[in-house]
Peer 1: 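Sharing a structure with you now.
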Amino acid sequence: MSGHDSKYFSTTKKGEIPELKEELNSQYKDKKKDAVKKVIAAMTVGKDVSSLFTDVVNCMQTENLELKKLVYLYLINYAKSQPDLAILAVNTFVKDSQDPNPLIRALAVRTMGCIRVDKITEYLCDPLQRCLKDDDPYVRKTAAICVAKLYDINAELVEDRGFLETLKDLISDNNPMVVANAVAALAEIQDNSARPIFEITSHTLSKLLTALNECTEWGQVFILDALSRYKAADAREAENIVERVTPRLQHANCAVVLSAVKMILQQMELITSTDVVRNLCKKMAPPLVTLLSAEPEIQYVALRNINLIVQKRPTILAHEIKVFFCKYNDPIYVKMEKLEIMIMLASDRNIDQVLLEFKEYATEVDVDFVRKAVRAIGRCAIKLERAAERCISVLLELIKIKVNYVVQEAIIVIKDIFRRYPNTYESIIATLCESLDTLDEPEAKASMIWIIGEYAERIDNADELLESFLESFPEEPALVQLQLLTATVKLFLKKPTEGPQQMIQAVLNNATVETDNPDLRDRAYIYWRLLSTDPEAAKDVVLAEKPVISDDSNLLDPSLLDELLANIATLSSVYHKPPEAFVSRARTAAPRPDDEEYPDGGETAYSESPSHAADAAPAPVTAAGTSAVTHAAAKQPAPPATVPAAAPVPDLLGDLMGLDNSIVPVDQPTTPSGPPLPVLLPSSTGQGLQITAQLVRRDGQIFYNIQFENNSQIVLDGFMIQFNKNTFGLAAAGPLQVPPLQPGASARTLLPMILFQNVSTGPPSSLLQVAVKNNQQPVWYFNDKISLHAFFVEDGRMERANFLETWKNLPDANEVTKDLPNAVINSVDATIEHLTASNVFFVAKRRNASKDLLYLSTKIPRGIPFLIELTATVGIPGVKCAVKTPSPELAPLFFEAMETLLK
Amino acid sequence: MISQFFVLSQRGDNIVFRDYRGEVPKGSAEIFFRKVKFWKEDEAEEAPPVFNVDGVNYIHVKVAGLLFVATTRVNVSPSLVLELLQRIARVIKDYLGVLNEESLRKNFVLVYELLDEVIDFGYPQTTSTEVLKSYIFNEPIMVDAARLPPLGPAAMFMQGAKRMPGTAVTKSVVANEPGGRKREEIFVDIIEKISVTFSSSGYILTSEIDGTIQMKSYLTGNPEIRLALNEDLSIGRNGSSIYDYHSSSGGGTVVLDDCNFHESVHLDSFDIDRTLTLIPPDGEFAVMNYRMTQEFKPPFRINALIEEAGPLKAEVLLKIRADFSPSVTANTITVQMPVPSYTARASFELEAGAVGQTTDFKEGSKRLEWCLKKIVGGAEHTLRAKLTFSQESHGNTTKEAGPVNMNFTIPMYNASRLQVRYLQIAKKSKTYNPYRWVRYVTQANSYVARL
């Protein structure tokens, strides 16, 4: 025993490094070993001990395994920063790989594979070749993994040296550990290669199924996961596979169980016999339930997976709802998942039990959990018609406890229940009205107001109730204002008496003159005009029958569900997102500096993009929204504090105040007149609506210059726009400001845009997917192309010295060159001027033979510079463009932009 | 596969950090800790065990107050990683005897050596302490176990029960005893965690037992062991619902819903005479996990009542009865009851002659807490409390209080009646007679009575 290791952390009076150096060169083995330990200790706390490299490497030649391992640990850490010195260790590595002791042989290849230095890698091949055929299984299994390491460093080398073939041979090895590692290595290599490398034939299948029984638990997971890619030829083969995998369900290791479940679910797709399927479901249920007895972390993973399985095969756990009842000591993340599954499994048979549970949860302490429990009751009511009444009576009981957030949440869900079962449960409105004064959350207030407006004819004092809200109209959040506006209009249409008439005037006045909110203003103007021109039409619009809602808010789209089910027992099944949505395998990709985050795996369904601006401002007719919408709205990130000034307001007031019926003139002072915009949605596709648009840069700000042309026969209004996730996270900075479009009219607007709102992952792409909707037509989707030059910022100018320095500091690999055949420089000076206007700044120029060379710089947001060299002959089309940038992956987009600018 | 593994203290200090693939930036531990600490800004909500920040997936478990974390960029099996993290913690505990910040820091070289054998290039290789022994050369440095708070499920034996050798809990599997000779002994613990929910009228709404037969062997030469369970043990319930109590609870047989076994267990004769054969590897491991929803007699009955006594007052009555044999004693009992949020004060009245009982009103979380050092089987204890409200109640105090939640440990008691009939060790010689400890213990998992 060597005393306390922690003493190695203490510092000494003398300079630490020289002292260590001395000790490392000591002739006493113990002292040497202690010194290496001290070095490692310093290394683990982040001190730089790389200067001791030579001295530590000198300790490598020892028979003492403990010391050797320490030196290896050091080497792995520092070889990268000292590649020239690392070569000193090569001889010992190669020697060790032939040591009589198998542990040393394995240690040598294992460590060499971890050192990502070319010079070491060159020497790794021969030892690796030998070790893959070593007599000792420990060496072989280590070598198998080492092939994957080498592939990661240098894939070509692996293929050239035939390591893949050797690795495939190891699948037939007699040692299950070796088989498992070979499978793991092949699976990883396959993941990173486009061409087929590791194909599972029925022959390998049977070999692997045999190895499965003898493997360690981890090896079983490797093999099961690899086999899950195998597609059985027919139902019989599928049944055979399942039969051999089923015993794995009995394993104590949850990972083995889940991987086996995945495999079985996959094969079940092929099995036609309903008896067999039913039997399999029966066999899978108890192990799935048992996962909920594991640690809470595992429970969480299991619950997220069960959520998917139940959506696909609801019967599998139909009788097990009790195991999803929340335990007192479950962590909140487990409770939330359990609630979700309880809703899915709730049926007419068990709803009484389930409601009893929900009622209990709704009186617990954790506010989020309580809210979710109250919502769960509402969702059950919407899902199970026969139980709706019982659900409502539970909600009423909860309201009576008068806990504020419970009451508010209950009112929100009751509004949804009213929408699902119109004209059924209005008798409870009186009870709801008692809580009117306590409502302080926008969503709850809005819901209550919607209820009052919708049933104004049955509430005797509806006008008084609404009036009490109107007093604070200017201070209310937009959500509440919009509902108040609509509810007052409904009230007026239903009870056109004096009181409501005064109210409507006050509201319309408030909502047009005294507000900055364009959504509110637009809606108010529409109502105003409707009411003043054709009250009957107003009735048809405002009091129209609403579509019935259903509780599909948390169900996944079938095709996504199938994809996720194929990914059971992976992270994908926990996040409920397909793998490509979060896996970025780029080793070189520079980490983004900010804290931009994926919408977390929480409870959002994947299909919701994080900012549902369009949904958050509901159209008048479906004012109440569905629970799905409110859900999305809650998830929506708060708008940034510095929203750029909203687009200019058209001066329409005069016209409208006079309630003139003439066509609203589209007169926007700042609307740019310029070249025609590209057509993105032709009239033929858009039922008469044509959309042309382009990204532009004005005054240091990115705008979406978009024009709408109404070639249809009807008035189009309520335009909204939304952008899908894209490489630059472009999103609208404010609402779209388009007046109602009469037939034949057109409107053009500059929509301010912000960046990095909903960034998509994956390789950079210029694709910008846009959705536009209005109140009359279906949602239109079209694709636009992001032109990078709209991003070139104003401060991208570089001094000559700075340019040279930056150029030198960027690695050569970051330089990309392309010929731009359509570009032309007709005059150097004119081109410079033109480019400067587009924020591409001139640095220097020179002449070489007949060619002109221009050096330019530009920058895009987040400070990513582009250093540019243009080579061209004046007047002759074809410009050679070389660019060097920290983000060379953006080069293709950059070239496109340059070609556009130089046309 | 996993890219990095690290262990953080509760304060976020990096205790162990190992990078296996170099594809995740170095600052990941800090990013992780910040994320977990401030998962929800205003609430003390726990972060889920799996989440993604900037394309890096963070997977973590909490063990003994430490955070065991793995990072990865690829679509791994999260249950594999979570199991692996638990297993790493267990292997380290096997080696070090105790698992805490101090023992990790003192043994960092050994820990790194272990990590290199357990994981290669992010792929788990082996987590068997037995197998690892042949590749590990460092020896553990023991920390003084006596002044450490007890950890792990076996720790419960340290309290009260004198028969249990307390040192076993914190003994390393590999280190030699100070005397030089290793004591030959084997521990078999039947640990059951029970969850019961009583309705307001005292009916059992749900009940469940999660059991583990845990083994820790210090036998040299790894002899074969036979473990015999109840002969009438049956597994799997028939019929449409496993919760159908009427069909199967008669007859006194023990019926498990489901069970699973450690990979070293041979089940050849299990179907015939319910015996398990195994050669126990070194270190602590679960021989068998089982789950039971068959009706059983709950060890405690809880009676709770809250009644308004005037506009700003209420009275609480808590009564617990121990429904087990007087030869058994439960210890470290805690009864908690949330009270209405507008409760300002509470005064308590214990029964006459109460010993080893304490009461407290937790202002912050608004709950009554009643702790009892021990309860002997058959005994009944009562607590009365008077509450003063800061505002008038809405006449719904019953709905705003509760549920009552109870925590306890009962050594030498198991609710499932699953028994180890005998523990047979293949004999090397006549004189070979190692110590065998078969211990039962029952703990509350979620033991709740609704009001």
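Lettering follows sequence order; numbering is per chain, from 1.
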Peer 1: If you round to the nearest 0.5 Å, how far is OG of Ser195(B) from CG of Asn329(A)?
Peer 2: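 These two atoms lie 6.5 Å from each other.
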
Peer 1: Starting from the C-alpha separation in whole Å, work towards a yes-or-no answer on side-chain contact (heavy atoms from CB on, under 4.5 Å) for Leu82(B) and Glu295(A).
Peer 2: CA-CA 9 Å; Leu82(B) 290 168; Glu295(A) 290 82 8; over 6 Å; no

Peer 1: Using non-hydrogen atoms only, which part of Val76(B) is less than 4.5 Å away from chain A: side chain, backbone, both, or neither?
Peer 2: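 Its backbone and side chain both get close to chain A.
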
Peer 1: How far does SG of Cys114(A) sit from OH of Tyr20(B), to the nearest 0.5 angstrom?
Peer 2: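 If I round to the nearest 0.5 Å, the distance is 9.5 Å.
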
Peer 1: Hey, which of Pro403(B), Ala286(B), Pro338(B) has the most heavy atom pairs under 4.5 Å with chain A?
Peer 2: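 Most heavy-atom pairs within the cutoff with chain A belong to Pro403(B).
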
Peer 1: If the threshold is 4.0 Å, N to carboxylate O, is there a salt bridge linking Glu46(B) and Lys335(A)?
Peer 2: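 The answer is no: the pair does not qualify as a salt bridge.
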
Peer 1: Please classify the contact between Gln86(B) and chain A as side chain, backbone, both or neither, with a heavy-atom cut-off of under 4.5 Å.
Peer 2: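 Side chain only.
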
Peer 1: Apply side-chain contact (heavy atoms from CB on, under 4.5 Å) to the pair Ser77(B) and Leu258(A), showing each step before the final yes or no.
Peer 2: CA-CA 9 Å; Ser77(B) 159; Leu258(A) 262 181; 6.0 Å; no

Peer 1: Select, from Ile332(A), Thr216(A), Leu107(A), the one with the greatest count of heavy-atom pairs under 4.5 Å involving chain B.
Peer 2: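 Looking at each option in turn, the highest pair count goes to Ile332(A).
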
Peer 1: CG/Leu80(B) to CD/Gln220(A) distance, rounded to the nearest 0.5 angstrom?
Peer 2: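 If I round to the nearest 0.5 Å, the distance is 11.5 Å.
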
Peer 1: Quick check: closest heavy atoms across Tyr328(A) and Ser446(B), and the distance to 0.1 Å?
Peer 2: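 Minimum heavy-atom contact is N-OG, 2.8 Å.
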
Peer 1: With sequence neighbours excluded, what pairs up with Tyr290(B) under the ring-ring contact (aromatic ring centres under 6.0 Å, His included) test?
Peer 2: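 For Tyr290(B) there are no ring-ring contact (aromatic ring centres under 6.0 Å, His included) partners, ignoring immediate neighbours.
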
Peer 1: Chain A heavy atoms under 4.5 Å from Asn289(B): which part of the residue, side chain, backbone, both or neither?
Peer 2: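 For Asn289(B), the contact with chain A is made by the side chain alone.
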
Peer 1: Quick check on Tyr135(B) against chain A: is it the side chain, the backbone, both or neither that has a heavy atom closer than 4.5 Å?
Peer 2: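 Backbone plus side chain of Tyr135(B), per the 4.5 Å heavy-atom cut-off to chain A.
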
Peer 1: For Asn407(B), which atoms come within 4.5 Å of any heavy atom of chain A: side chain, backbone, both, or neither?
Peer 2: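 Neither part.
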
Peer 1: Of all of Asn405(B), Asp116(B), Val16(B), which one pairs up most often with chain A through heavy atoms under 4.5 Å apart?
Peer 2: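 Among Asn405(B), Asp116(B), Val16(B), the one with the most close pairs to chain A is Asn405(B).
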
Peer 1: Looking at Asp210(B), Asp120(B), Ile59(B), which has the largest count of heavy-atom pairs under 4.5 Å with chain A?
Peer 2: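 Option with the greatest count: Asp120(B).
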
Peer 1: Measure the spacing between OG of Ser128(B) and CH2 of Trp218(A) and express it to the nearest 0.5 Å.
Peer 2: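 That separation rounds to 11.5 Å.
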
Peer 1: When heavy-atom pairs shorter than 4.5 Å are enumerated against chain B, which of Asn181(A), Val221(A), Ile40(A), Asp225(A) gives the highest number?
Peer 2: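 Of the candidates given, the most pairs with chain B belong to Asn181(A).
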
Peer 1: Could you have a look at Arg367(B), Gln125(B), Arg18(B) and say which one has the most heavy-atom pairs with chain A under 4.5 angstrom?
Peer 2: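 Between Arg367(B), Gln125(B), Arg18(B), the count favours Gln125(B).
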
Peer 1: Hey, does the side chain of Asn75(B) reach the backbone of Thr570(A) with a donor-acceptor pair shorter than 3.5 angstrom?
Peer 2: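 Answer holds: no.
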
Peer 1: Please name the pair of heavy atoms, one in Ala252(A) and one in His262(B), separated by the smallest distance, quoted to 0.1 Å.
Peer 2: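 Minimum heavy-atom contact is CB-N, 4.4 Å.
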
Peer 1: Which atoms form the tightest heavy-atom contact between Pro78(B) and Leu571(A), and what is the distance?
Peer 2: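 Here Pro78(B) and Leu571(A) meet closest at CD-N, 3.5 Å.
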
Peer 1: What closest approach, in Å, do Tyr333(A) and Pro48(B) show between heavy atoms, and which atom pair accounts for it?
Peer 2: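 So the minimum-distance heavy-atom pair works out to CD2-CA, 3.8 Å.
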
Peer 1: State, yes or no, whether a side-chain contact exists between Lys69(A) and Asn138(B) at a heavy-atom distance under 4.5 Å.
Peer 2: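 Lys69(A) vs Asn138(B): side chains apart.
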
Peer 1: Between atom OG1 of Thr206(B) and atom CD1 of Ile321(A), what is the distance when rounded to the nearest 0.5 Å?
Peer 2: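 Atom-to-atom, Thr206(B):OG1 and Ile321(A):CD1 are 12.5 Å apart.
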
Peer 1: For Asn305(A), is it the side chain, the backbone, both or neither that has a heavy atom under 4.5 Å from a heavy atom of chain B?
Peer 2: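 Neither the backbone nor the side chain of Asn305(A) comes within 4.5 Å of chain B.
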
Peer 1: Select one option (side chain, backbone, both, neither) describing which atoms of Ala148(A) are under 4.5 Å from chain B's heavy atoms.
Peer 2: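 Both backbone and side chain.
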
Peer 1: Should Arg110(A) and Glu117(B) count as an ion pair when the cut-off is N to O under 4.0 Å?
Peer 2: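 Counted as a salt bridge, because a side-chain N and a carboxylate O are separated by less than 4.0 Å.
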
Peer 1: Do Asp257(B) side-chain atoms and Pro286(A) backbone N/O form a donor-acceptor pair below 3.5 Å?
Peer 2: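 No: the side chain of Asp257(B) does not pair with the backbone of Pro286(A).
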
Peer 1: Between Tyr575(A) and Asn57(B), do the side chains contain an N or O donor and an N or O acceptor separated by less than 3.5 Å?
Peer 2: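 The criterion, which ignores hydrogens and geometry beyond distance, is satisfied for Asn57(B) and Tyr575(A).
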
Peer 1: Whether the side chain of Glu400(B) engages the backbone of Thr363(A) through a donor-acceptor N/O pair (distance < 3.5 Å, no angle test) should be reported.
Peer 2: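 Side chain of Glu400(B) to backbone of Thr363(A), a donor-acceptor pair under 3.5 Å: no, none is there.
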
Peer 1: Checking side-chain contact (heavy atoms from CB on, under 4.5 Å) against Phe137(B), which of Asn64(A), Leu103(A), Leu70(A) comes through?
Peer 2: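 So the option named by the test is Leu103(A).
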
Peer 1: If you count heavy-atom pairs under 4.5 Å with chain A, which of Asn14(B), Thr126(B), Leu84(B) comes out on top?
Peer 2: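 The residue among Asn14(B), Thr126(B), Leu84(B) with the greatest pair count is Leu84(B).
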
Peer 1: Tell me whether Glu297(A) contacts the main-chain N or O of Lys62(B) through its side chain, where contact means a donor paired with an acceptor under 3.5 Å.
Peer 2: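 It does hold such a pair.
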
Peer 1: Could you tell me which residues satisfy salt bridge (Lys or Arg N to Asp or Glu O under 4.0 Å) with Lys359(A), sequence neighbours excluded, listed by chain and number?
Peer 2: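 Result, salt bridge (Lys or Arg N to Asp or Glu O under 4.0 Å) vs Lys359(A): Glu397(A).
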
Peer 1: So for Thr72(B), is it side chain, backbone, both, or neither that comes closer than 4.5 Å to the heavy atoms of chain A?
Peer 2: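 The side chain, not the backbone.
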
Peer 1: Are Val74(B) and Asp191(A) close enough that some pair of their side-chain heavy atoms sits under 4.5 Å apart?
Peer 2: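 Answer no - side chains too far apart.
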
Peer 1: Chain A heavy atoms under 4.5 Å from Ala401(B): which part of the residue, side chain, backbone, both or neither?
Peer 2: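 Contact with chain A involves no heavy atom of Ala401(B) at all.
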
Peer 1: Thr197(B) vs Phe325(A), test: side-chain contact (heavy atoms from CB on, under 4.5 Å). Steps then yes/no.
Peer 2: CA-CA 10 Å; Thr197(B) 308; Phe325(A) 288 3; over 6 Å; no

Peer 1: Name the region of Asp19(B), side chain, backbone, both or neither, that has any atom closer than 4.5 Å to a heavy atom of chain A.
Peer 2: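 Interface part for Asp19(B): neither.
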
Peer 1: Grab the two heavy atoms, one from Ile298(A) and one from Glu83(B), that are nearest each other, plus how far apart they are.
Peer 2: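 In terms of heavy atoms, the two residues are closest at CD1-CG, 3.8 Å.
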
Peer 1: Testing the basics here: between Glu263(B) and Cys215(A), what is the closest heavy-atom pair and its distance to 0.1 Å?
Peer 2: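 Smallest interatomic distance, heavy atoms only, reads OE1-O, 4.1 Å.
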
Peer 1: Is the count of non-hydrogen atoms from other residues, nucleotides or ligands lying under 6.0 Å from Lys193(B) atom NZ greater than 12?
Peer 2: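 No.
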
Peer 1: Go through Ser79(B), Ser134(B), Gly402(B), Pro49(B) and name the one with the most non-hydrogen pairs under 4.5 angstrom from chain A.
Peer 2: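 Most heavy-atom pairs within the cutoff with chain A belong to Pro49(B).
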
Peer 1: Heavy atoms only, distances under 4.5 angstrom: which of Leu291(A), Thr290(A), Leu398(A) has the most pairs with chain B? Name it, please.
Peer 2: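 Of Leu291(A), Thr290(A), Leu398(A), Thr290(A) has the most heavy-atom pairs under 4.5 Å with chain B.
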
Peer 1: Check whether Tyr72(A) gets within reach of chain B through its side chain, its backbone, both or neither, counting any heavy atom under 4.5 Å.
Peer 2: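 Neither part; nothing is under 4.5 Å.
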
Peer 1: Give the C-alpha distance, both sets of side-chain angles, the deciding distance and a yes or no for side-chain contact (heavy atoms from CB on, under 4.5 Å) between Arg291(B) and Val289(A).
Peer 2: CA-CA 9 Å; Arg291(B) 186 166 56 77; Val289(A) 172; 3.2 Å; yes

Peer 1: Any idea which of Glu364(A), Lys262(A), Glu357(A), Lys149(A) has the most non-hydrogen atom pairs under 4.5 angstrom with chain B?
Peer 2: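 Heavy-atom pairs under 4.5 Å are most numerous for Lys149(A).
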
Peer 1: For Ile568(A), which atoms come within 4.5 Å of any heavy atom of chain B: side chain, backbone, both, or neither?
Peer 2: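 For Ile568(A), there is no contact with chain B at all, as no heavy atom is under 4.5 Å.
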
Peer 1: Salt bridge or not for Glu188(A) and Arg21(B), using N-O below 4.0 Å?
Peer 2: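 Here Glu188(A) pairs with Arg21(B) in a salt bridge, since their nearest N and O are under 4.0 Å apart.
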
Peer 1: As an exercise, state the distance from OH of Tyr123(B) to CD1 of Ile145(A), rounded to the nearest 0.5 Å.
Peer 2: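 Those atoms lie 6.0 Å apart.
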
Peer 1: Would you call Met177(A) and Val131(B) a side-chain contact if the rule is heavy atoms closer than 4.5 Å?
Peer 2: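 Answer no - side chains too far apart.
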
